[in-house]
Amino acid sequence: MLKTFIDGIVKNNPVLVLAIGLCPTLAVSTSAFNALGMGAAVIFVLTFSNLIVSSFRKVIPDNLRIPIFIIVISTFVTIVDYVMKAYLPGLSKNLGVFVPLIVVNCIILGRAEGFAYKNSVGKAVLDGLGSGIGFTLAIFIMGTIREILGQGTWMSIPGGFEGFKVLGQGFLNYPVLFMILPPGGFLVIAFLMGGIRYFEARRSA
Amino acid sequence: MKDMLKPTFVLVITAIVASALLAVVYEKTSPEIEKRAKEKLLDNLKTVFPVEGADYKPIIEDTLWCVEKEGKRLGIIFVNGMRGYASVIKVIVGVDTTGKIVGVHIPKEGLSETPGLGMKVTEPWFMEQFKGKKEEEVKLKKDGGTLDAVTAATISSRAATNAVRLGMEKYKKYLKEEEKSENEWYQKHLSEFFPDAEIKEYGDKIWMAVKDNETLGTIYLSYGEGYGGKFGVLVAVKDGKIRDIYIQSPDEGFPETKEFGCKVRENTYLKKFIGINPDEAGMIDDITGATITSEALKKAIVSGYKRVGGE
């Protein structure tokens with residue numbers, strides 16, 4: 001059981017190993033706080049959609065499973081969207097369209113189809129939590145690197161906390177701007193993926 | 001048959017449960033979402049026009065407000081948008097009655113200019129420099145104005161300044177207290193149509209002239225949309241015929257040009273209307289060079305008379 005959970009974070013990390021769900025990862029990882037918000041949304045949707053799909057897997061007709069998955073997922077995404085708009089308006093504005101787009105995030109549909117539909121409820125929930133945390137971890141690491149280098153702060157919250165000034169005032173004035181722009185996203189994810197492959201290769205060698 | 005029924009049933013049930021769940025969540029969150037939006041809006045209005053105890057009255061929904069305190073108009077606040085580099089830059093601007101900017105706020109939310117470049121238009125130093133500026137000064141220095149642009153973000157800076165300036169131009173007519181001045185101008189003229197008669201308000205912008213319990217005639221106020229803007233016309237009617245017409249004077253806000261539009265105010269032209277039924281005002285000739293204004297006048301006479309409903 002525990003292996004299912006750990007696998008989602010490490011061995012089957014959706015972003016860094018399976019390389020799925022890259023679009024929101026690259027777009028939202030411009031700051032650590034955005035990344036955490038997005039991660040939380042994905043964990044919620046993934047866990048609950050896995051729970052529901054797995055609980056009803058014996059009732060869901062085979063040829064109708066995709067439409068039903070989509071209904072289940074979009075329901076949870078809409079709930080997240082509403083709740084975020086109501087209680088975390090700043091974050092919701094920052095994540096923008098990427099929250100509703102979780103509906104078509106291949107991590108979630110992939111776990112529903114590939115795992116939850118075939119496994120018991122307990123395992124499916126653990127898988128959802130694991131994959132969700134794996135996604136969050138990856139996007140949070142990326143957000144951290146990009147925010148620190150590209151903006152000179154860490155964990156700044158829109159309209160609230162200014163963030164830790166990790167690299168000092170000089171860096172705040174002249175940050176490595178392009179780290180926040182799309183090229184920075186590709187660069188960071190490439191280094192992270194490359195690093196993981198490198199360690200894996202060394203370990204198995 | 002069973003192959004068809006079961007999937008249909010499952011899908012219908014799924015959809016019903018999902019919609020029910022969403023309805024509950026929506027019910028719970030929507031008041032909160034609305035409240036947030038209102039708070040945010042009021043916050044923004046207070047930032048650009050901070051006056052203790054002022055009322056912010058909407059004139060145009062989500063676009064234009066007037067700031068009033070104890071019934072006195074202090075200025076207006078408007079929202080205007082302009083295409084920037086990657087998104088529409090929205091500006092919220094407070095302008096006082098002398099036409100000077102009180103404050104400008106450019107909300108970060110919903111703005112997706114380049115981080116670190118275009119996004120810097122939301123920094124306080126950029127928004128501060130608008131304070132106290134008049135319409136013609138609101139331009140970047142490189143465009144002959146007084147404002148500094150954000151380095152390497154000229155397009156975003158220019159869009160923001162243009163949004164402010166064009167908005168000021170568009171809404172400056174609201175700086176005057178329109179309704180108040182309107183009241184003054186026509187009240188004065190009502191008694192001129194029927195001397196010695198008592199003027200009684202009969203309906204919305206409709207009056208009756210009464211003397212010794214006898215109705216002498218009806219007066220109505222109507223508006224025409226001319227070349228330069230809206231102008232007001234007072235028409236006195238007796239026995240279904242126009243008795244007299246008064247068009248507001250330039251001092252009272254008549255917006256048309258002196259050379260052409262103003263000719264409709266001349267007695268030689270207005271005489272043509274006297275004695276005809278207001279419904280037939282459309283048959284009178286237009287003034288050469290002031291067609292739009294003449295047409296507007298005729299339309300105002302006809303539409304106002306419809307409102308009166310004959311006599």
Side chain / backbone / both / neither for A/L64 at chain B, heavy atoms under 4.5 Å: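 Interface part for A/L64: side chain.
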
Is it the side chain or the backbone of A/Y87 that comes within 4.5 Å of chain B heavy atoms, both, or neither?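 Both backbone and side chain of A/Y87 come within 4.5 Å of chain B.
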
Sort out for me which of A/T78, A/I79, A/I180, A/I71 touches chain B most, counting heavy-atom pairs under 4.5 Å.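 So the answer, after comparing A/T78, A/I79, A/I180, A/I71, is A/I79.
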
Using 4.0 Å as the upper bound for N to carboxylate O, is an ion pair formed by B/D96 and B/K100?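 Looking at B/K100 and B/D96, the cut-off is not met.
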
Can you label the angle between the B/Y174 ring and the B/Y171 ring as parallel, tilted or perpendicular, going by 30° and 60°?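 B/Y174 and B/Y171: tilted rings.
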
Check against ring pair (Phe, Tyr, Trp, His ring centres under 6.0 Å), B/Y223 and B/F231: CA-CA 6 Å; B/Y223 283 97; B/F231 63 87; 8.4 Å; no

Any luck finding a side-chain donor-acceptor pair between A/S29 and A/R146 under 3.5 Å?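 Looking only at side-chain atoms, A/R146 and A/S29 do form a donor-acceptor pair, the distance falling under 3.5 Å.
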
